[in-house]
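Just the heavy atoms: all of them, side chains too, but no hydrogens, waters or symmetry mates, feed the values below.
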Amino acid sequence: LAHSAHMEIYQQLTADLNAEGRYLFLNAIANQLRYPNNQTHYFSCVLLYLFSEAADERVQEQITRVLVERLIVHRPHPWGLP
């Protein structure tokens, strides 16, 4: 997963998009965190990788924002967010 073509595309998108586009892109990834399945696990790993490998602190802040926004809403939370 770490050094694959699709991960490079995700990293390039997070680097090239402006703040609003990146926010929408990260929300689209977070929308895939639904219930226990392979897709949820995959996109959970994608978000973790993007966060850990982010060259810009703003990317980390936006990933955190997207996830926190989903946690502060009323239950039920998606499975991918404990």
Side-chain angles (χ1 to χ4, degrees):
L1 179 71
H3 298 290
S4 57
H6 51 276
M7 192 55 68
E8 289 179 23
I9 292 171
Y10 293 149
Q11 284 184 302
Q12 195 66 37
L13 282 170
T14 58
D16 291 347
L17 290 171
N18 63 9
E20 183 180 357
R22 189 170 42 244
Y23 176 75
L24 294 172
F25 172 67
L26 293 171
N27 260 310
I29 292 175
N31 285 339
Q32 304 308 311
L33 305 176
R34 295 175 285 188
Y35 50 88
N37 63 12
N38 288 335
Q39 185 175 358
T40 296
H41 180 260
Y42 173 78
F43 282 104
S44 174
C45 291
V46 167
L47 281 176
L48 288 171
Y49 182 79
L50 289 175
F51 185 88
S52 66
E53 298 295 321
D56 188 0
E57 190 176 274
R58 290 178 287 177
V59 173
Q60 291 179 331
E61 289 174 359
Q62 281 189 310
I63 292 172
T64 304
R65 175 186 171 191
V66 166
L67 296 176
V68 168
E69 284 175 351
R70 290 168 186 271
L71 286 173
I72 60 174
V73 299
H74 297 294
R75 296 206 182 265
H77 295 303
W79 178 85
L81 299 173

How far does [atom1] of [X] sit from [atom2] of [Y], to the nearest 0.5 angstrom?
X	Y	atom1	atom2	result
R58	D56	CZ	CG	4.0 Å
N27	R22	CG	CZ	13.0 Å
I9	H6	CD1	NE2	8.5 Å
L17	Y23	CG	OH	14.5 Å
L26	F51	CG	CZ	11.5 Å
I29	I63	CD1	CD1	7.5 Å

*How about V66 and L47: do any of their side-chain heavy atoms sit closer than 4.5 Å?*
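Contact flag for V66/L47 side chains = no.
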*asked:* Using side-chain heavy atoms (C-beta onward) and a distance below 4.5 Å, is N31 in contact with R70?
replied: yes
*Look at the rings of Y49 and H3 and say which category their plane angle falls in: under 30° parallel, 30 to 60° tilted, over 60° perpendicular.*
perpendicular
Looking only at heavy atoms, what is the nearest atom pair of [X] and [Y], with distance?
X	Y	value
A54	Q60	CB-CG, 3.8 Å
F25	T14	CE2-CG2, 3.6 Å
F43	L33	C-CD2, 4.0 Å

Between [X] (side chain only) and [Y] (backbone N and O only), is there a donor and an acceptor less than 3.5 Å apart?
X	Y	value
T40	P36	no
N18	G21	yes
Q39	Q32	no

*Any salt bridge between E69 and R65, counting N to O under 4.0 Å?*
yes
*asked:* Assigning hydrophobic clusters by single linkage (Ile, Leu, Val, Met, Phe, Trp, Tyr; side-chain heavy-atom cutoff under 4.5 Å), is L48 placed with M7?
replied: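 Not linked; separate clusters.
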